[in-house]
2 protein chains.
Amino acid sequence: MPEPRRRADAVRNREAVLDAAETLFSRSGPAEVSMNSVAAAAGVGKGTVFRAFTDRTGLLQALAERRTAPLRAAVTGGPAPLGPGSPPRERIPALLDALAAAKLENLSLYRALEEAGAASPYQSASYAWWHTTLRDSLARLTGGQDAGFLAHTLLAAVRADLVTHLRTVEELPEEEIRSRLAAHVRTVLEPLSS
Amino acid sequence: MPEPRRRADAVRNREAVLDAAETLFSRSGPAEVSMNSVAAAAGVGKGTVFRAFTDRTGLLQALAERRTAPLRAAVTGGPAPLGPGSPPRERIPALLDALAAAKLENLSLYRALEEAGAASPYQSASYAWWHTTLRDSLARLTGGQDAGFLAHTLLAAVRADLVTHLRTVEELPEEEIRSRLAAHVRTVLEPLSS
DNA sequence: GGGTGATACGGACCAAAGGTCCGCATCGTA
DNA sequence: TACGATGCGGACCTTTGGTCCGTATCACCC
């Protein structure tokens, strides 16, 4: 596979689109960010956006991936408590707290991502990755039993629309949300035999 | 308020639309059920559908309400374990199991409902009702502390898209899903001081 | 620097879906 | 049976994701 060599203007445009989309999402809800507006904000034609990212979901994924690259790196190869070496009882709360923090920082992006057009969030590679990571850590405590289901329920507790509801309707501050989540994780982890 | 008296054809059409929509949802995913197709299947014009239900969300809500009326009745005024008199340790698992069962029976309807077009599921009256009901029961165990958050997490565990994923991708049978959910509920309820 | 093929650009265009509108039909009542 | 109120239906509008292709730009070689 001899890497087909990207043209300079193509990579420049790709970056511009990501930047524009990032700004738009930071300023308004997911519904206001249409592909048209992204293209316009990037000073680029619509076709360029779709060529670079295939479809809306592709753009959202690329954006989310770029924003959370450090987090993913910390989880896959970093030190404790996020890194793969950490003991589950430290790592699992850390994972969920980090994920919650990431969502809180990029709420409308994550909302857009989880609405997902047609496909449910459960189809995405990103969800699969988090689920696997979490499940494996959990399995070291449970012996594997129901770790998968438990991982799903924990991840469901940090879904972007729920977090949004907690922030905007129940008006909980970030730290409050994170501490309640932490308490919940503690509760769930408690009874697991080491 | 002297009840404006509904015309006979209007109520007939309303029913026809509900029936048609119900059939469509039972046969295909939420994306396939457009307002147009509902109108066509009901043998009725589009305007009639929108006049009767205001918008798509209104139709979905009306449909869900009709399908789960018995369940709501059982919860608000029925006998144990669902009824309001039952002790929380019986009632809470029963509530979640019943809700899970309802979703399993009407998966694509609930998926459509939770996608919600623009508004998140957390805006809906139906969610608020379940959340309040569950929170109140939980509060009788926790003394109120974090009952609201816990109720959210429990409800998140039965979200339609998650349930769909468990059924179709992980291929768990209904009973398996319900029993894992039950186990999870037990775990979460366990540490609560009575 | 100039020529040439490959690659990317951009915006007109398309299709689908939710929602609106209003001339016409049907209902309920006297 | 007549007549006003209510409801009907489908053409129409708007928005949005996504496609297409004639044109411009890039990268490479001479």
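Quick caveat, the model's predicted, so the values are computed rather than measured. Every heavy atom of this structure was used, including side-chain atoms; hydrogens, water molecules and symmetry mates were not. Letters go in sequence order (proteins before strands), and every chain restarts at 1.
You'll find that the side chain of A:Ser34 is closest to D:dT16, out of D:dT16, D:dT19, D:dC8. When distances are taken from the side chain of B:Asn13 to each of D:dC8, C:dG18, C:dC9, the shortest belongs to D:dC8.
Under a 4.0 Å N-O distance rule, the pair B:Lys103/B:Glu114 qualifies as a salt bridge. For B:Arg56 and B:Glu115, the salt-bridge test fails: no basic side-chain N is under 4.0 Å from an acidic carboxylate O. Between A:Arg159 and B:Asp161 there is a salt bridge, since a side-chain N of the basic residue sits under 4.0 Å from a carboxylate O of the acidic one. Taking a cutoff of 4.0 Å between a charged side-chain nitrogen and a carboxylate oxygen, B:Arg66 and B:Asp19 qualify as a salt bridge.
Heavy atoms of other residues, nucleotides or ligands lying less than 6.0 angstrom from CD of B:Glu176 number more than 12. More than 12 heavy atoms of other residues, nucleotides or ligands sit less than 6.0 Å from atom CD of B:Glu170.
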Under-3.5 Å N/O pairs linking protein and nucleotides 22-26 of chain D:
from, atom 1, to, atom 2, distance (Å)
D:dT25, O2, A:Arg7, NH1, 3.2
D:dT25, O2, A:Arg7, NH2, 3.3

Between the protein and nucleotides 11-13 of chain C, which nitrogen or oxygen pairs come in under 3.5 angstrom?
from, atom 1, to, atom 2, distance (Å)
C:dG11, O6, A:Gly47, N, 3.3

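Comparing B:Thr54 and A:Arg14, the nucleotide of DNA chain C nearest to each residue sits closer to the 5' end for A:Arg14.
A:Asp55 has its CG atom 17 Å from the C1' atom of D:dC20, to the nearest Å. The distance between atom CD of A:Glu32 and atom C1' of D:dT15, rounded to the nearest whole Å, is 13 Å. Distance B:Asn36 CG to D:dG9 C1': 12 Å, rounded to the nearest Å. D:dG18 atom P lies 6 Å from atom CE of A:Met35, rounded to whole Å. Straight-line distance from the CZ atom of A:Phe53 to the C1' atom of C:dC9: 15 Å, rounded to whole Å. Whole-Å rounding puts the A:Arg56 CZ to D:dT15 P distance at 16 Å.
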Start with the C-alpha gap between A:Glu175 and A:Arg180, add the side-chain angles, then the distance that decides, and say whether salt bridge (Lys or Arg N to Asp or Glu O under 4.0 Å) holds.
CA-CA 8 Å; A:Glu175 321 87 55; A:Arg180 294 200 189 189; over 6 Å; no

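Aromatic rings from A:His152 and A:Tyr127 are positioned such that their centres are separated by under 6.0 Å.
Side-chain contact between B:Leu59 and B:Leu18 is present, with at least one heavy-atom pair separated by less than 4.5 Å.
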